[in-house]
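Worksheet: one structure, shown below.
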Amino acid sequence: MRQVRFHTYGGPEVLRVDDVPSPEPGPGEVLLEVTGVGVTLPVVRQTHGDGAGGGVALPYAPAGEVVGQVLATGPGVTGWEVGARGAGLAFSGAYAERATVKAGMLAPVPDDIADGTALVLVRSGQVALGALAASGFSKGESVLVTAAAGGVGHVAVQLAVALGASRVVAAVSSEAKAGFVRELGADDVVVYGEPGAEWGEPVDVVLDGAGGEVFGPALGALAMFGRLVAFNGVGGPVDANELRMRGIAVIGFAMPHLVAHRREVYDRHQQELWDLARGGRIATQADGPLRWRRPRGPIASSRTGRTWAR
Ligand SMILES: NC(=O)c1ccc[n+]([C@@H]2O[C@H](COP(=O)([O-])OP(=O)(O)OC[C@H]3O[C@@H](n4cnc5c(N)ncnc54)[C@H](OP(=O)(O)O)[C@@H]3O)[C@@H](O)[C@H]2O)c1
């Protein structure tokens, strides 16, 4: 079968389509006939030999989210039948005609959810909703999303709007991305890196998909008692005194922990994401132009009872 691999590190030019034997599902694994694969920043880093992907044995077949139909199951797998449709992370060999996925990483995909939407929602959607939930977000709070035009960021902006944020600020690195995040429903757009860029009014929640140089300023954007969720793979230093002075918190979020230790939350979030997509409240570009619907009516804060007009 055909599988994309790289034999040296580099940009997209190092990716090759190789002919390799079809994989066999090992214990706890499911073999999928792949109908769609997601391309994400961690894969780009992996191909460059950066971050968690550094040091892989070459040639390497990169990891990625796959969607497809079950062809076979390995020993010990329960709950998956041949022909069922699932999506999840293949730890390697994702860009191929067939790929194996740990059964625990695979989510069933309803028939009315298109491949591209499924790929976005089992990964970026789960990270965005998991990060928002980790912040303890309540309806009526304000939310700032950094790297807002990215895979996770663009779902996070739509989720914050759909779940009743009083104000959603989308932060992006260039003016070229500003129009896209406005289209997703952001109330305000900040282009960081531009001279004199300001966050505006402090916010209750920051979902930081950028990290690094953006992390410090993003922490500064928090209102008193605000929470920043760091889900990016870049990180940044925390000064405990800065947290104390404003009663703010920094919370780390990694989706695999939810899969491994809070499976019921992961499953509930997945159902919520399918429902929001069906209702047109989360749109992805994977299956055509955005068809996103702005919620109507005022928002009432579940914490203070205050209301906002939309
Ligand atoms: N915690 C978890 O479970 C989890 C799961 C998946 C991903 N992640 C992390 O979440 C972050 C966002 O992931 P994603 O899949 O949304 O990525 P993505 O679709 O590639 O978007 C990444 C965004 O990050 C910004 N960015 C900053 N430095 C960049 C660089 N060197 N190259 C490209 N873009 C860069 C860009 O926005 P601007 O140009 O506007 O800044 C870009 O839109 C990554 O750090 C990833 O490692 C975490």
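Whatever order the structure lists them in is the order used to number ligands and atoms, beginning at 1.
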When you check ligand 1 against the protein, what N or O pairs turn up below 3.5 Å? List the atom names and distances, or just say none.
| from | atom 1 | to | atom 2 | distance (Å) |
| --- | --- | --- | --- | --- |
| ligand 1 | 1 (N) | Phe231 | O | 3.0 |
| ligand 1 | 1 (N) | Phe253 | O | 2.9 |
| ligand 1 | 3 (O) | Met255 | N | 2.7 |
| ligand 1 | 15 (O) | Arg123 | NH1 | 2.5 |
| ligand 1 | 15 (O) | Arg123 | NH2 | 2.9 |
| ligand 1 | 16 (O) | Gly151 | N | 3.1 |
| ligand 1 | 16 (O) | Val152 | N | 2.8 |
| ligand 1 | 19 (O) | Gly151 | N | 2.6 |
| ligand 1 | 37 (O) | Lys177 | NZ | 3.4 |
| ligand 1 | 39 (O) | Ser173 | OG | 2.4 |
| ligand 1 | 39 (O) | Lys177 | NZ | 2.5 |
| ligand 1 | 40 (O) | Ser173 | N | 2.8 |
| ligand 1 | 40 (O) | Ser173 | OG | 3.3 |
| ligand 1 | 40 (O) | Lys177 | NZ | 3.3 |
| ligand 1 | 41 (O) | Tyr192 | OH | 2.7 |
| ligand 1 | 45 (O) | Arg45 | NH2 | 3.4 |
| ligand 1 | 45 (O) | Gly233 | N | 2.9 |
| ligand 1 | 47 (O) | Arg45 | NH1 | 3.1 |

Q. Can you find a pair of side-chain heavy atoms, one from Val172 and one from Val189, that are under 4.5 Å apart?
A. yes
Q) If you look only at pairs with a residue in residues 57-106, which of them pass as a ring pair (Phe, Tyr, Trp, His ring centres under 6.0 Å), with sequence neighbours excluded? A) Phe6-Tyr60
Q: List for me each residue that meets salt bridge (charged side-chain N to carboxylate O under 4.0 Å, His left out) alongside Lys177, sequence neighbours excluded, and say none if there are none.
A: none
Q: Say whether Arg262 and His257, considering side chains only, have a donor N or O and an acceptor N or O under 3.5 Å apart.
A: no
Q) Leu273 pairs by side-chain contact (heavy atoms from CB on, under 4.5 Å) with which of Arg278, Arg281, Gln126? A) Gln126
Q | salt bridge (charged side-chain N to carboxylate O under 4.0 Å, His left out) partners of Arg246, counting only residues at least two apart | A | Glu242
